[in-house]
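When a residue number appears, it is its place in the shown sequence, counting from 1. As a basis for the values below, the full set of heavy atoms in this structure was taken, side chains included, without hydrogen atoms, waters or symmetry mates.
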Amino acid sequence: MSEEIKIIEKTVQETTKKYTETDVLTAPETRKAVHDSIKKDETIDSNYVAEAVFPDNPVAKEEFKATLKERGVAETVPVPNAPIFEKKYQKQKIKLGNGIEMTVPVELLKNKDVIEFRTNPDGTMSVIVKNVERD
């Protein structure tokens, strides 16, 4: 099971490099898609992952699915201990180029009211954390 997840993540990474600019959110989006798929029906659905990671790129989606098939990963992979894998994928660690590391719950990654990732004109990226309350 763990090996199939690694193959899915590696295939997303390779497909991303080929079809899109390297994006700090690709790995977290992959993990969120895996998490959501496991939560939904205790399986990892490669079609769901492809749609979540490559929503506007049908060529990348098809190549991703074809590569998984070549590597022997089924379209739907049953997850035997779903609660354990779901818990593992609830948070995403993001490592930025300057050494900063952040751990973000996957359900907040796309919530622009909480965290925002911006690409600057010079090609660098800014991470903006919003609405942080003090304890």
Side-chain angles (χ1 to χ4, degrees):
M1 177 68 231
S2 183
E3 190 61 36
E4 289 175 315
I5 292 174
K6 286 179 186 175
I7 292 170
I8 291 169
E9 289 176 343
K10 182 179 179 183
T11 305
V12 165
Q13 202 173 35
E14 292 169 357
T15 308
T16 300
K17 282 183 183 176
K18 185 172 180 179
Y19 288 99
T20 64
E21 58 187 57
T22 303
D23 186 358
V24 73
L25 288 179
T26 302
E29 285 173 359
T30 305
R31 291 180 68 92
K32 181 178 182 344
V34 169
H35 172 266
D36 292 348
S37 185
I38 292 171
K39 190 174 185 176
K40 188 173 76 175
D41 59 6
E42 298 189 356
T43 65
I44 300 173
D45 181 350
S46 62
N47 293 319
Y48 181 84
V49 173
E51 187 60 42
V53 179
F54 307 109
D56 302 321
N57 193 333
V59 176
K61 278 186 229 179
E62 289 308 312
E63 182 165 324
F64 168 73
K65 292 189 278 187
T67 304
L68 285 181
K69 193 173 187 174
E70 287 172 16
R71 293 178 176 173
V73 177
E75 243 180 60
T76 305
V77 178
V79 179
N81 294 316
I84 292 170
F85 277 95
E86 186 181 335
K87 185 175 181 178
K88 178 182 175 184
Y89 282 84
Q90 283 179 339
K91 295 184 186 231
Q92 173 64 48
K93 183 180 271 189
I94 300 171
K95 295 179 183 180
L96 305 176
N98 60 1
I100 295 174
E101 294 183 14
M102 302 171 15
T103 302
V104 181
V106 293
E107 67 271 3
L108 297 178
L109 278 173
K110 294 239 177 178
N111 186 341
K112 292 192 182 234
D113 293 333
V114 178
I115 189 166
E116 188 174 345
F117 298 87
R118 288 189 187 159
T119 302
N120 301 320
D122 65 357
T124 61
M125 180 165 280
S126 294
V127 180
I128 303 164
V129 180
K130 303 174 183 178
N131 302 320
V132 178
E133 296 178 10
R134 288 186 170 183
D135 284 338

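In this view, K39 satisfies the salt bridge (charged side-chain N to carboxylate O under 4.0 Å, His left out) rule with no residue, not counting sequence neighbours. Residues satisfying the side chain to side chain contact (heavy atoms under 4.5 Å, CB included) test with E70, not counting sequence neighbours, are none.
V12 and Y48 fall into different hydrophobic clusters, where Ile, Leu, Val, Met, Phe, Trp and Tyr side chains are chained together by heavy-atom contacts under 4.5 Å.
The line from NZ of K69 to OG1 of T11 is 14.5 Å long, rounded to the nearest 0.5 Å. Remark: R71 CZ to E4 CD distance equals 13.5 Å, nearest 0.5 Å. The line from CD of E62 to OG1 of T67 is 10.5 Å long, rounded to the nearest 0.5 Å. To the nearest 0.5 Å, atoms CG (N57) and OG1 (T15) are separated by 9.5 Å. Once rounded to the nearest 0.5 Å, the distance linking NZ of K91 with CG of L108 reads 9.5 Å. Taking CG of L68 as the start and CD1 of I44 as the end, the distance is 10.5 Å to the nearest 0.5 Å.
The minimum heavy-atom distance linking S46 with A74 is given by the pair OG-O, 4.4 Å. Scanning both residues, E107 and K32, for their nearest heavy atoms gives CA-CE, 4.3 Å.
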Test V53 against F64 for side-chain contact (heavy atoms from CB on, under 4.5 Å), laying out the working first.
CA-CA 10 Å; V53 179; F64 168 73; over 6 Å; no

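Checked against K65 for a side-chain contact (heavy atoms from CB on, under 4.5 Å), the options V49, N47, V73 give a single hit: N47.
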Less than 3.5 Å apart, which donor and acceptor atoms pair up between the side chains of residues 121-131 and the rest of the protein, not counting sequence neighbours?
residue : atom : partner : partner atom : Å
D122    : OD1  : T124    : N            : 3.0
D122    : OD1  : T124    : OG1          : 2.6
T124    : OG1  : N120    : ND2          : 2.9
S126    : OG   : N120    : OD1          : 3.3
S126    : OG   : N120    : ND2          : 3.0
K130    : NZ   : K112    : O            : 2.9
K130    : NZ   : E116    : OE1          : 2.5
N131    : ND2  : D113    : O            : 2.7

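A donor-acceptor pair is defined here as one N or O able to donate and one able to accept, closer than 3.5 Å; such a pair exists between the side chain of S37 and the backbone of D45.
Residues K93 and K95 form a side-chain contact, since some pair of their non-hydrogen atoms from C-beta on lies under 4.5 Å apart.
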